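These numbers come from a predicted model, not from an experiment.
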Amino acid sequence: MTKAKIGIVLGSASDKAIAKKAGDMLDKLQIPYEVTVASAHRTPEDAAAYAANGEKRGLMAIIAVAGLSAALPGVLAAHTALPVIGVPVSAGTVGGLDALYSVAQMPPGVPVASVGIDGGANAALLAARIVALLDENVRQNLEDLRVEQAEKVRKSRSTLELPEAPEEAFK
Ligand code: RP5
């Protein structure tokens, strides 16, 4: 089995849909990853151990997915020098704002990169940019995706059935 370069940690199995979004993007970019569940509150020792072991196991970044009072990304970041990307989840009654603030508002000294609420795909893309620093194949896959996205936007202009800006507007 190929060794994982990205570790995805979920605060709960109920966060699985967000892991799927990240995993689908990592698959598309051909980056090997693994997924586990380790809660900052319910299994704090496991969360700490997973983060502490990550670098020697070959991980290049950790994606931490958590909702409510989302301590997980910060706890992982406290136990590793690897970059940690937090994904706040829209669990609970305030639509994920609680988790967004928890992930984004880290105290100085323990940084966590936060993507948007439920932003699993963007977390994967950010992790991919880290991997691409040392992996030409991933760098090319990211570039192909960028071109593919741009083409899609350009093609969509002619579907509006509204007065269209001419090509020269973009030259
Ligand atoms: C967080 O609490 C988890 O990340 C999840 O988003 C939320 C709810 O967890 P469960 O009660 O569904 O296990 O820790």
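- Note on residues 162-171: pairs passing salt bridge (Lys or Arg N to Asp or Glu O under 4.0 Å), not counting sequence neighbours, are Glu167-Lys171.
- One finds the CE atom of Met60 at 7.5 Å from the CG atom of Asp135 (value rounded to the nearest 0.5 Å).
- Note: the hydrophobic cluster containing Leu126 also contains Leu134 (ILVMFWY, side chain heavy atoms under 4.5 Å, direct or indirect links).
- Within the hydrophobic cluster formed by Ile, Leu, Val, Met, Phe, Trp and Tyr side chains joined at under 4.5 Å, directly or through other members, Val75 stands alone, with no partner residue.
- Rounded to the nearest 0.5 angstrom, Asn141 CG and Leu29 CG are separated by 6.0 Å.
- Placement of Tyr33 and Val65 within a single hydrophobic cluster is found when ILVMFWY residues are connected by side-chain heavy-atom separations under 4.5 Å, directly or transitively.
- Lys28 contributes atom NZ, which lies 9.5 Å from atom CG of Asp144 (distance to the nearest 0.5 angstrom).
- For Lys21, the side-chain hydrogen bond (donor to acceptor under 3.5 Å, both in side chains) test picks out no residue, with sequence neighbours left out.
- With sequence neighbours excluded, no residue forms a salt bridge (Lys or Arg N to Asp or Glu O under 4.0 Å) with Glu55.
- Sorted by first and then second residue, the side-chain hydrogen bond (donor to acceptor under 3.5 Å, both in side chains) pairs involving residues 106-118 (not counting sequence neighbours) are Ser90-Asp118.
- Screening residues 30-53 for salt bridge (Lys or Arg N to Asp or Glu O under 4.0 Å) gives Glu34-Arg57 as the qualifying pairs, with residues at least two apart or on separate chains.
- Each of Ile85, Val115, Leu145, Leu26 was compared with Leu125 under the side chain to side chain contact (heavy atoms under 4.5 Å, CB included) criterion, and only Leu145 meets it.
- Sorted by first and then second residue, the side-chain hydrogen bond (donor to acceptor under 3.5 Å, both in side chains) pairs involving residues 70-87 (not counting sequence neighbours) form an empty list.
- Residue Val37 is not grouped with residue Leu72 when hydrophobic side chains (ILVMFWY) are merged at heavy-atom distances under 4.5 angstrom, including chains of intermediate members.
- Residues Leu76 and Ala64 approach most closely at CD1-CB, 3.6 Å, considering heavy atoms.
- Residues satisfying the salt bridge (Lys or Arg N to Asp or Glu O under 4.0 Å) criterion with Arg146, sequence neighbours excluded, are Glu143.
- Met106 and Val103 fall within the same hydrophobic cluster, where Ile, Leu, Val, Met, Phe, Trp and Tyr residues are linked whenever their side-chain heavy atoms come under 4.5 Å apart, directly or through other members.
- Note on Val89: it does not cluster hydrophobically with Val9, by side-chain heavy-atom contacts below 4.5 Å among ILVMFWY residues.
- Across Gly11 and Ser39, no two heavy atoms sit closer than the pair O-CB, 3.4 Å.
- Of all heavy-atom pairs spanning Pro88 and Gly96, the tightest one is CB-O, 4.3 Å.
- Every residue two or more places apart in sequence or in another chain that forms a salt bridge (Lys or Arg N to Asp or Glu O under 4.0 Å) with Arg154 is listed here: Glu151.
- In terms of heavy atoms, Ala51 sits closest to Ile62 at CA-CD1, 4.1 Å.
- Applying the side-chain hydrogen bond (donor to acceptor under 3.5 Å, both in side chains) definition to pairs two or more places apart or across chains, none involves residues 94-108.
- Across Gly54 and Leu82, no two heavy atoms sit closer than the pair C-CD1, 3.8 Å.
- Side-chain contacts under 4.5 Å among hydrophobic residues (ILVMFWY), followed directly or transitively, place Ile117 together with Leu97, Leu100.
- The salt bridge (Lys or Arg N to Asp or Glu O under 4.0 Å) test applied to Asp24 returns Lys20, not counting sequence neighbours.
- Pairing each heavy atom of Val110 with each of Gly74, the nearest pair is CG1-O, 4.0 Å.
- Within 6.0 Å of CZ in Arg157 there are more than 12 heavy atoms belonging to other residues, nucleotides or ligands.
- With values rounded to the nearest 0.5 angstrom, Ile31 atom CD1 is found 10.0 Å from Ile130 atom CD1.
- Between atom CG of residue Leu59 and atom OH of residue Tyr50 there is a gap of 4.5 Å, rounded to the nearest 0.5 Å.
- Within the model, atoms CD1 of Ile18 and CG of Leu10 stand 9.5 Å from one another, a figure rounded to the nearest 0.5 Å.
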